[in-house]
Amino acid sequence: MEKRQIAEEMDTLLRQLVMQNQLVMAARVLEVYFQRLWKIDEELANRYVRAYFIKYNPKQLERHLKRLNRAI
């Protein structure tokens, strides 16, 4: 299996969105990126998105999930 990397421009966009507390938008953009450029299905793209945020933005993800839990 070949190892793929996210394009630098996409990485920059994702960092900017995360800094602006736009995690949902960043996740959606990344999901579409995976589906269109990597040509993978929606389920696998969702798993990759979760893995990306767990690896690169765990604090922001944790804050986002806490806010969601309080809203419920």
Side-chain angles (χ1 to χ4, degrees):
M1 181 173 202
E2 72 180 85
K3 187 171 181 171
R4 298 179 185 171
Q5 289 192 336
I6 296 173
E8 187 176 330
E9 295 86 7
M10 178 59 68
D11 191 45
T12 301
L13 173 62
L14 293 171
R15 277 191 267 121
Q16 289 173 345
L17 288 169
V18 169
M19 286 176 24
Q20 297 171 5
N21 289 324
Q22 296 291 324
L23 236 55
V24 174
M25 181 59 73
R28 185 67 184 134
V29 167
L30 188 57
E31 178 187 6
V32 171
Y33 175 85
F34 286 144
Q35 288 176 350
R36 291 187 181 173
L37 268 63
W38 291 15
K39 309 226 183 292
I40 59 176
D41 64 50
E42 186 176 348
E43 184 180 330
L44 184 56
N46 285 330
R47 287 195 308 223
Y48 283 1
V49 168
R50 277 188 229 109
Y52 176 87
F53 283 104
I54 289 169
K55 183 175 181 178
Y56 294 108
N57 302 101
K59 291 178 185 176
Q60 292 85 348
L61 179 61
E62 185 179 334
R63 276 194 311 237
H64 175 73
L65 293 175
K66 281 183 181 178
R67 270 183 282 182
L68 282 179
N69 286 335
R70 275 190 265 144
I72 295 176

Any side-chain to backbone donor/acceptor pair from Tyr56 onto Arg15? Under 3.5 Å, distance only.
no
Please report the C-alpha distance between Glu31 and Arg28 in whole Å, then the side-chain angles of each, then the deciding distance to 0.1 Å, and finally whether the salt bridge (Lys or Arg N to Asp or Glu O under 4.0 Å) criterion is met.
CA-CA 5 Å; Glu31 178 187 6; Arg28 185 67 184 134; 2.8 Å; yes
For Leu13 against Val29, the heavy-atom pair lying closest together:
CD2-CG1, 3.9 Å
Taking all non-hydrogen atoms of both residues into account, name the closest pair between Tyr33 and Gln5 and its distance.
OH-O, 4.1 Å
With a cut-off of 3.5 Å and sequence neighbours excluded, list every side-chain donor-acceptor pair involving residues 36-46.
unit_1	atom_1	unit_2	atom_2	d
Lys39	NZ	Arg36	O	3.2
Asp41	OD1	Glu43	N	3.1
Asp41	OD1	Leu44	N	2.8
Asn46	ND2	Glu42	O	3.3

Flag yes if [X] and [Y] sit in one hydrophobic cluster, no otherwise; membership is Ile, Leu, Val, Met, Phe, Trp, Tyr, and two members link when side-chain heavy atoms are under 4.5 Å apart.
X: Met19; Y: Leu30; value: no
X: Val24; Y: Phe53; value: no
X: Val32; Y: Ile6; value: no

What is the distance from atom [atom1] of [X] to atom [atom2] of [Y], rounded to the nearest 0.5 Å?
X: Lys66; Y: Leu61; atom1: NZ; atom2: CG; value: 11.5 Å
X: His64; Y: Asn57; atom1: NE2; atom2: CG; value: 12.0 Å
X: Arg63; Y: Asn21; atom1: CZ; atom2: CG; value: 6.0 Å

Partner of Gln16 by side chain to side chain contact (heavy atoms under 4.5 Å, CB included), out of Thr12, Leu14, Val18:
Thr12
The criterion is side chain to side chain donor-acceptor pair (under 3.5 Å); which residues satisfy it with Tyr52, sequence neighbours excluded?
Asp11
For Gln22, the side-chain contact (heavy atoms from CB on, under 4.5 Å) test, sequence neighbours excluded, returns Leu17, Gln20, Met25
